[in-house]
2 protein chains.
Amino acid sequence: MTRAPKVVLIRPVQPAPVRATRCSACSTRTICMPPGLTVDDLAKLDSIICSTRSVKRGETLYRSGYAFQSIYAVRAGSFKTVVMHRDGREHVTGFQIAGESLGLDGVCAGHHNWDAIALEDSVVCIIPFAQLEALCREMKSMQHHIYQMMSGEIVRESSQMMLLGTMTAEQRVATFLLNLSLRFKARGFLDAEFHLRMTREEIGCYLGMKLETVSRMFSKFQREWLVHANGKTIRIVDAEALARV
Amino acid sequence: MTRAPKVVLIRPVQPAPVRATRCSACSTRTICMPPGLTVDDLAKLDSIICSTRSVKRGETLYRSGYAFQSIYAVRAGSFKTVVMHRDGREHVTGFQIAGESLGLDGVCAGHHNWDAIALEDSVVCIIPFAQLEALCREMKSMQHHIYQMMSGEIVRESSQMMLLGTMTAEQRVATFLLNLSLRFKARGFLDAEFHLRMTREEIGCYLGMKLETVSRMFSKFQREWLVHANGKTIRIVDAEALARV
DNA sequence: CGCCTGATTGAGCTGCTTCAACGGCTGTGG
DNA sequence: CCACAGCCGTTGAAGCAGCTCAATCAGGCG
């Protein structure tokens, strides 16, 4: 958990392997991009999103303080985003799975405010923000889509604030599992059984509780036949009851 | 605290008194709008922001479920934004003072997700979002400004998540007071002495604690000569010590 | 095989909540 | 003008949800 102290505020994005790709041929386009794009629109998209980047498990996609140039779409794998206070306090602000976006925290100040760390070997599409902005000025649907993405992030964060501010540990864990389940479902994965890529400690750090409490809640749900948890493999047995917790 | 249950999801924005105004002549323009606007830019702005609205203390500017049409800039007064869970749980997601924005939560789904309630008699500028989007397509500086505003909201919310997830009650209240102080200062008000427009209960609801705990922390800070609190009037006596809490 | 990380479970502690009482301020109506 | 109701804030006492500390175990990897 210890890391070199943050001293340099603005650093260039570290060099990384890139690889040609095409949005027009991407199967997760329907998730990242606005619907109803014309062939013309797709060509424009392809012209700005021309590279991907692989990030190995535990490595950072970007760190707080790095100069902001691009946003990212998770193409495969998953990430956590972590804010860090000067006193060393850490908080996980979110987990991102395939089809979700990363990096919007950087627009505001021109440098990133969080660390984004891969939970498993992952691949992201790199979307240069300046070029995306230019594209938005000529493509109304794309413009609106970006506003919606950012607003969606704001709304998601506000529900997380409500979770942190008003729910018991039991309710937080239940909400977390149901939310993950929904997101897996939306991306065509199984919603009743899935594999957690994060540790109990990371879950706790996201939900504002200690890892022991997370573990106890998992055990409790198991005793009550709501969830079957075997290490990182989770099977949701009774989603309705879980939602009523 | 009781309210009529929310049944209709999409309702038109309620009729409201409007009044002609001009961004070009507004003293808080430097806070709401990007810097370096030309006379031409200002004329364009004036053409879309042509009305204000007064909201009396306790009244809502908009409610969760209302159709989203505009964002708002607080011109005078202050607001709280409240998310409500189906089970009646309420959480204050933020307080907005003069020069700050409201309503970005609506872009995502086309209807608002929160209630925005005036803490005192207040006035907002109404900025029709569709027209703003159009303006952004031709004005690069404005486009970037809106992205920055939204990203800033995302970053702010993430610090609030960290606060809720990792800090003790004492640290939360200290952080809250220092944050308010900074915002007042940025707007040209006194930063060492100010008047809280919200009740202890609303503060508690924002900080994820009970009103009694908020009150106890105020008393504690007073005993320790960090803050002088007389009802809603707050004087910050030792800001450095408060930051070290 | 042995080491290390991550997960589980128990026992005791504590910070915040709950419940309750009370005092001050404000607005209202006689 | 005063009396009174209702809200807001403060403070105390007791309870409990989640934390801390600690021991144990399982799985992965060199």
Side-chain angles (χ1 to χ4, degrees), chain A residues 1-3 56-58 80 89-92 117 119-121 163-177 195-224 227-235 245, chain B residues 1-3 56-58 80 89-92 117 119-121 163-177 195-224 227-235 245:
Chain A
M1 279 299 119
T2 56
R3 268 185 340 197
K56 289 234 164 294
R57 180 180 168 194
K80 65 171 175 178
R89 217 190 331 247
E90 266 187 37
H91 186 75
V92 173
I117 301 170
L119 295 176
E120 59 192 308
D121 293 356
L163 178 143
L164 291 168
T166 72
M167 292 189 187
T168 64
E170 190 182 10
Q171 295 170 326
R172 292 182 206 193
V173 175
T175 306
F176 170 72
L177 289 176
H195 195 77
L196 296 178
R197 308 324 296 223
M198 64 294 280
T199 65
R200 301 288 190 264
E201 180 166 23
E202 287 164 333
I203 297 173
C205 203
Y206 177 57
L207 297 177
M209 63 185 76
K210 293 294 149 189
L211 65 102
E212 292 95 331
T213 309
V214 177
S215 184
R216 278 182 238 277
M217 292 307 140
F218 278 11
S219 304
K220 184 167 191 290
F221 288 153
Q222 183 134 350
R223 278 198 305 278
E224 294 168 353
V227 162
H228 184 85
N230 182 16
K232 290 196 147 79
T233 305
I234 299 290
R235 194 171 70 244
V245 159
Chain B
M1 282 296 123
T2 57
R3 269 184 343 194
K56 288 234 164 295
R57 178 180 169 194
K80 63 171 176 179
R89 217 190 331 247
E90 265 186 40
H91 185 75
V92 173
I117 302 169
L119 295 175
E120 58 192 308
D121 295 355
L163 178 144
L164 291 168
T166 72
M167 292 190 188
T168 64
E170 190 182 11
Q171 294 170 325
R172 293 182 206 192
V173 175
T175 306
F176 170 72
L177 289 177
H195 195 76
L196 297 176
R197 310 321 298 218
M198 64 294 280
T199 65
R200 300 289 190 264
E201 180 166 21
E202 287 163 333
I203 297 173
C205 203
Y206 177 58
L207 298 177
M209 63 185 75
K210 294 293 149 188
L211 66 101
E212 291 95 332
T213 308
V214 177
S215 184
R216 278 183 239 276
M217 291 308 140
F218 277 14
S219 303
K220 184 167 191 290
F221 289 152
Q222 183 133 352
R223 277 198 305 278
E224 295 167 354
V227 162
H228 184 85
N230 182 16
K232 291 195 147 75
T233 304
I234 300 289
R235 194 173 69 243
V245 159

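Remember, it's a predicted structure, so these values are computed and weren't measured experimentally.
Within residues 206-213 of chain A, the residues approaching DNA chain C are Leu211(A), Glu212(A), by heavy-atom distance under 4.0 Å. Remark: nothing in residues 163-170 of chain A comes within less than 4.0 Å of DNA chain C through any heavy atom.
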query: Going through the distances and angles, do Val227(B) and Phe218(B) end up as a side chain to side chain contact (heavy atoms under 4.5 Å, CB included)?
result: CA-CA 8 Å; Val227(B) 162; Phe218(B) 277 14; over 6 Å; no
query: side chain to side chain contact (heavy atoms under 4.5 Å, CB included) between Met198(B) and Lys80(B): does it pass, once the steps are laid out?
result: CA-CA 8 Å; Met198(B) 64 294 280; Lys80(B) 63 171 176 179; over 6 Å; no
message: Before you tell me yes or no, could you show the steps for Phe176(A) and Ile203(A) under side chain to side chain contact (heavy atoms under 4.5 Å, CB included), namely the whole-Å CA-CA distance, both residues' side-chain angles and the distance that decides it to 0.1 Å?
response: CA-CA 9 Å; Phe176(A) 170 72; Ile203(A) 297 173; 3.9 Å; yes
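Contact of Arg200(B) with dT11(D) (side chain to base): no donor-acceptor pair of N or O atoms is detected under 3.5 Å. Counting distance only, with no hydrogens placed and no angle test, the side-chain atoms of Arg216(B) and the base atoms of dG9(D) include no donor-acceptor pair under 3.5 Å.
Annotation: the span from Leu196(B) atom CG to Lys232(B) atom NZ amounts to 8.0 Å, rounded to 0.5 Å. The CZ atom of Arg223(B) lies 10.5 Å from the CZ atom of Arg216(B); values are rounded to the nearest 0.5 Å. Considering CG of Asn230(B) and CZ of Arg235(B), their distance stands at 9.5 Å, rounded to 0.5 Å.
By the side-chain contact (heavy atoms from CB on, under 4.5 Å) test, Arg57(B) is found to be paired with Asp121(B), residues two or more places apart in sequence or in another chain being considered.
Of the candidates Val214(B), Thr166(B), Val245(B), Leu163(B), Arg172(B) forms a side chain to side chain contact (heavy atoms under 4.5 Å, CB included) with just one, namely Leu163(B).
Counting non-hydrogen atoms under 4.0 angstrom, Lys220(B) reaches nothing in the nucleic acid.
Where the helix from dC1(C)-dG30(D) to dG30(C)-dC1(D) starts and where it ends, the local axes point in directions that differ by 30°; five pairs per end, rounded to 10°.
Rounded to an integer number of Å, the gap from Glu201(B) CD to dC7(D) P is 12 Å. Atoms NZ (Lys232(A)) and P (dG27(D)) sit 13 Å apart, rounded to a whole Å. Separating the CZ atom of Arg172(A) from the P atom of dG18(D) is a distance of 7 Å, rounded to the nearest angstrom. Between Arg57(B) atom CZ and dC7(D) atom P the separation is 12 Å, expressed in whole Å.
Formation of a donor-acceptor pair under 3.5 Å by the His228(B) side chain with backbone atoms of Ile234(B) is not found in this model. In terms of modelled atom types and a separation under 3.5 Å, the side chain of Glu224(B) and the main chain of Phe221(B) share no donor-acceptor contact.
For the pair Leu164(B) and His91(A), the minimum side-chain heavy-atom distance is 4.5 Å or more.
Using modelled atom types and a 3.5 Å distance limit, the side chains of Gln171(B) and Arg89(A) yield a donor-acceptor pair.
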Less than 3.5 Å apart, which donor and acceptor atoms pair up between the side chains of residues 206-213 of chain B and the rest of the protein, not counting sequence neighbours?
unit_1: Tyr206(B); atom_1: OH; unit_2: Gln160(B); atom_2: OE1; d: 3.3

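Contact footprint of chain B on DNA chain C: nucleotides with an atom under 4.0 Å from a non-hydrogen protein atom, first to last in 5' to 3' order, dC16(C) to dC19(C).
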